[in-house]
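The analysis underlying the following values was restricted to heavy atoms, covering all of them including side chains, and did not include hydrogens, waters or symmetry mates. Protein chains get the first letters and strands the later ones, always in sequence-line order, with residue 1 at the start of each.
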Amino acid sequence: MNGLLKPLAPVLACCGLLLAWQLASLGLKNDSFPTALESLRAIPPILTDKESLINILASLRRMAIGFGLALAFSIPLGLLMGRSRATAAFFNPLLMLIYPVPKAALMPIIMLWLGVGDISKTLVIFLGVSLPVIYHSFEGAKAVEEKMLWSGAAMGLSPGERLLRIVLPAALPEILTGCRTGLVLALITMVTSEMIARQSGAGNILFNALDMGQYDTVFAMIIIVGAMGICLDAAFEIVRRWLVRWSEPQFDMPLSFS
Amino acid sequence: MTRSSNDILLGAAPIVLVLLLWQGLVSFGYAPPTLLPPPGQVFLRMSQQLASLTFQQDVAATLFRLFAGFAIAVVLGVSLGIAAAVSPPINAAVKPIVRVLAPLPKVALYPAFLLLLGFGHESKIMLVAADALFPILLSTYYGATNVEQKLIWSALAAGTPPRDVLWKGVLPAAMPSILTGCRIGLVISCIVVFLAEMITSTDGLGHVLVTAARTFQAVDMFVPLITISLLGLILNGLLQGLRAYLLRGFPSV
Amino acid sequence: MGVTPIRPGQLAGVSLGRRAATPIIEIEHVSQVFKTSSRRDHTALSDISLTVGEGAFVSILGPSGCGKSTLLYIVGGFVSPTSGTAKMKGKPITGPGPDRGPVFQEFALFPWKSVLGNVMYGPLQQGMKPAKAEALARTLLAMVGLTGFEKFYPKELSGGMKQRVALARTLAYGPEVLLMDEPFGALDAHTRTRLQNDLLEIWERDRKTVLFVTHSVEEAVFLSDKVVMMSRSPGRIREVIDIDLPRPRRREELLLDPNYQRYIVEIERMFDASGDNELPS
């Protein structure tokens with residue numbers, strides 16, 4: 001019973017939340033607050049509409065590119081910072097300053113410089129993802145046991161090989177935790193910057209529908225974006241677990257923030 | 001001693017380099033001042049703005065939403081986190097819901113908040129609370145579940161009534177973790193309140209940026225952005241100071 | 001065979017009386033000073049000189065904080081001494097190398113590699129063919145009694161098993177000297193005893209040179225040919241004692257052997273006399 005209930009619990013939670021929504025909206029009788037069922041019914045038209053589908057897929061493609069570039073840049077930097085005091089001392093204050101900057105808010109300025117094209121949108125996502133990935137890679141690399149590196153050195157591994165073949169795998173659980181946060185952040189940054197720029201994408205569809213009073217579309221889009229976040233996170237968690245099946249299980253609740 | 005002063009120099013280097021690069025781009029004509037105003041001009045404008053009443057009102061509006069949302073998140077997050085850690089039935093209900101809601105991009109809920117709560121303070125406060133809630137809740141839960149069983153037994157053995165163990169044992173022991181969650185939550189609150197104001201608002205720092213963007217006033221776009229970032233830094237620093245003070249008895253992490 | 005402290009007096013004489021062994025490790029006037037945030041720097045090792053002969057089992061025994069592990073790390077090449085030199089086969093040690101294999105108290109296994117992968121890591125790094133490395137690893141795992149655990153990850157093993165894997169992993173790349181840093185310090189008493197017995201059995205087959213750091217008097221006497229007693233603040237060699245007990249050693253015989261008991265009582269008395277054990281760390 002318990003074993004069956006555990007994987008089903010998030011599904012039950014979803015159903016419970018939708019049910020609560022349904023009841024709340026029936027109780028409130030507010031025109032601008034459609035019921036969960038009405039909103040769910042509005043999803044297929046959005047997903048079959050060619051233009052909005054292309055729009056959303058283009059957003060996701062930019063998100064994937066921005067996320068990938070951020071990983072390629074942040075993981076090596078974080079590992080290097082974790083293993084070299086000087087590198088950490090060099091970058092940490094700068095990163096501390098960048099930390100509280102709202103990345104999606106850079107959208108108008110970046111658009112002013114680079115135009116409204118894909119480059120601006122991808123760059124903003126890149127900026128949004130980088131920091132947590134750097135931070136977690138840094139922490140992971142810093143925590144690698146000295147004796148493990150010594151053991152590698154005694155086997156004849158050069159410093160470069162040690163970074164690649166000992167620090168990287170040893171820090172992998174922590175790095176992937178950063179990537180998981182980064183993935184959700186990529187989605188958040190994407191949606192937020194689209195809401196701010198109002199050019200295209202899921203965020204734009206959301207606010208266009210709001211402006212035109214199509215409230216069921218608004219709520220349907222909320223479900224779509226929410227489901228994207230939940231599914232991306234769940235899919236990444238499966239990959240992560242498989243990649244680090246050798247490691248001690250850690251706290252597995254997602255820590256996401258925007 | 002020399003090591004740490006070296007570190008400070010080393011850390012200041014990239015910041016100085018960024019400023020030099022910024023100034024250089026403008027001075028050598030690679031970037032027109034209309035697109036990238038020189039740093040001096042930005043900081044001058046910022047000091048003017050900070051003295052102006054309208055800007056101060058915008059800052060006040062932002063701060064009000066920020067703290068209101070953050071306060072809701074702290075109260076809800078800490079109480080739910082502790083409750084989920086000590087009570088199995090609450091845990092069974094809260095955990096799956098949190099698992100579903102935590103990775104959900106909260107900003108997507110903003111239109112719903114707008115429709116339900118209107119375009120005033122409430123919807124923005126709600127969004128801030130929704131975004132700051134989960135880091136606080138999760139760190140509280142994490143901290144409270146990691147409280148050593150023996151610490152609770154010791155408290156009970158010392159004659160603490162079971163009701164009070166929560167306040168005198170669990171909560172203080174989970175404090176380091178809770179405060180870490182609050183710090184993350186506070187910076188998130190700063191970011192989110194700004195973004196919400198950018199998306200739709202009639203006042204606040206985010207609105208100042210959007211207005212400047214519509215009229216292509218590059219200088220005025222930088223000022224609110226730097227202000228909110230500084231605000232985040234200062235609040236983060238204050239909370240860190242508070243944390244260090246409250247946790248003097250704990251081993252430093 | 002054994003240790004020749006470069007110190008005039010009775011100990012050098014003892015060495016001369018014994019079968020001469022080629023020195024493999026020579027430590028000459030090594031000092032190690034750590035910079036601390038307080039005004040006074042911490043002298044971990046002060047002018048240590050020691051020669052270890054090939055094939056000897058030498059224990060470095062001392063209270064915690066006497067710098068015995070640091071001395072081992074210097075021989076391993078993981079730490080460079082503030083002054084003085086350590087030599088391996090006449091060549092100054094400048095860094096770690098596969099001729100000196102460490103076994104740490106913390107095991108330091110690669111958690112992302114299976115038991116087999118851990119043991120094969122060194123041979124593969126030395127350029128051995130995978131099939132040959134695997135055969136070697138399986139032989140070594142059988143020797144440390146872990147047949148059947150090849151596919152396990154370190155997290156699935158007990159502390160004692162982890163240390164067996166660590167020993168096999170180090171033996172796999174064929175170091176000439178084993179550097180053991182309180183290898184059984186993190187294990188419970190029962191497991192420790194079993195691992196001591198097994199280590200002796202393995203060692204007595206090929207008599208590799210072993211430098212063994214410990215704070216347990218019984219462990220040092222049970223295993224070693226020589227016990228180097230260290231004192232702390234600053235870390236110095238205060239005595240080198242030959243353990244003249246027959247080999248192969250069997251625990252149940254030794255425990256009844258008055259000579260074994262005398263060594264232990266003697267060494268403990270020497271430590272007690274200095275009051276060294278009572279210092280806060």
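- Contact annotation for Ile109(A): both backbone and side-chain heavy atoms come within less than 4.5 Å of a heavy atom of chain B.
- Around CZ of Phe207(A), the count of heavy atoms belonging to other residues, nucleotides or ligands within 6.0 Å exceeds 12.
- With a threshold of 4.5 angstrom between heavy atoms, Leu210(A) approaches chain B through side-chain atoms but not through N, CA, C or O.
- Proximity to chain A (any heavy atom under 4.5 Å) is restricted, for Ala213(B), to the side chain, taken from C-beta onward.
- Residue pairs meeting the salt bridge (Lys or Arg N to Asp or Glu O under 4.0 Å) criterion with at least one member in residues 207-227 of chain B, sequence neighbours excluded: Arg45(B)-Asp220(B).
- Annotation for Ile97(B) and Leu17(A): closest pair CG2-CD2, 4.3 Å, computed over non-hydrogen atoms.
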Inset, instruction - Show your working on side-chain contact (heavy atoms from CB on, under 4.5 Å) between Met195(A) and Leu195(B) and close with a plain yes or no. - result: CA-CA 9 Å; Met195(A) 285 177 174; Leu195(B) 294 175; over 6 Å; no
Inset, instruction - Test Tyr110(B) against Thr192(A) for side-chain contact (heavy atoms from CB on, under 4.5 Å), laying out the working first. - result: CA-CA 10 Å; Tyr110(B) 189 43; Thr192(A) 314; over 6 Å; no
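- With rounding to the nearest 0.5 angstrom, the CZ atom of Phe90(A) is 6.5 Å from the CG atom of Leu10(B).
- Among Pro93(A), Pro100(A), Ala202(A), Gly229(A), the residue with the largest count of heavy-atom pairs under 4.5 Å with chain B is Pro100(A).
- Counting heavy-atom pairs under 4.5 Å between each of Val191(A), Ile224(A), Leu206(A) and chain B puts Leu206(A) at the top.
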Return a table of donor-acceptor pairs under 3.5 angstrom between the side chains of residues 32-41 of chain A and protein atoms on other chains or two or more places apart.
from     : atom 1 : to       : atom 2 : distance (Å)
Ser32(A) : OG     : Asn30(A) : OD1    : 2.9
Thr35(A) : OG1    : Glu38(A) : N      : 3.2
Glu38(A) : OE1    : Thr35(A) : N      : 3.1
Ser39(A) : OG     : Thr35(A) : O      : 2.9

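- In this structure, the portion of Val218(A) lying under 4.5 Å from any heavy atom of chain B is its side chain and not its backbone.
- Residues from residues 197-209 of chain B that place a non-hydrogen atom less than 4.5 Å from a non-hydrogen atom of chain A comprise Met198(B), Ile199(B), Thr200(B), Leu209(B), given in numerical order.
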Inset, instruction - I would like to know whether Leu115(B) and Phe219(A) meet side-chain contact (heavy atoms from CB on, under 4.5 Å); could you show each step before the answer? - result: CA-CA 10 Å; Leu115(B) 287 174; Phe219(A) 280 86; 3.5 Å; yes
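- Heavy atoms from other residues, nucleotides or ligands lying under 6.0 Å from CE of Met228(A) number more than 12.
- Listed options Gly232(B), Pro111(B), Ala93(B) were ranked by heavy-atom pairs under 4.5 angstrom with chain A; first place goes to Pro111(B).
- Side-chain atoms of Pro102(A) and Ser229(B), non-hydrogen and from C-beta on, do get closer than 4.5 Å to each other.
- Within the 4.5 angstrom heavy-atom criterion, only side-chain atoms of Val18(B), from C-beta onward, approach chain A.
- Heavy-atom distances place the side chain of Leu114(B), and not its backbone, under 4.5 Å from chain A.
- In this structure, the separation between OH on Tyr99(A) and CD1 on Ile184(B) is 6.0 Å, given to the nearest 0.5 Å.
- Contact tally against chain A (heavy-atom pairs below 4.5 Å) for Ala132(B), Pro224(B), Ala196(B), Ala112(B): the top residue is Ala112(B).
- From Asp7(B), atom CG reaches atom CG of Asn92(A) across 9.5 Å, with rounding to the nearest 0.5 Å.
- To the nearest 0.5 angstrom, Phe91(A) atom CZ is 12.0 Å from Ile15(B) atom CD1.
- Shown here for Val184(A) and Pro103(B), the closest heavy-atom pair between the two residues is CG1-O, 3.5 Å.
- No more than 12 heavy-atom neighbours from other residues, nucleotides or ligands sit within 6.0 angstrom of CD1 on Ile119(A).
- Take Arg198(A) and apply the salt bridge (Lys or Arg N to Asp or Glu O under 4.0 Å) test, not counting sequence neighbours, and it matches Asp211(A).
- The minimum heavy-atom distance between Ala108(B) and Ile222(A), with the atom names listed, is O-CG1, 3.1 Å.
- We find the CG-CD distance between Leu112(A) and Gln217(B) to be 10.5 Å, quoted to the nearest 0.5 Å.
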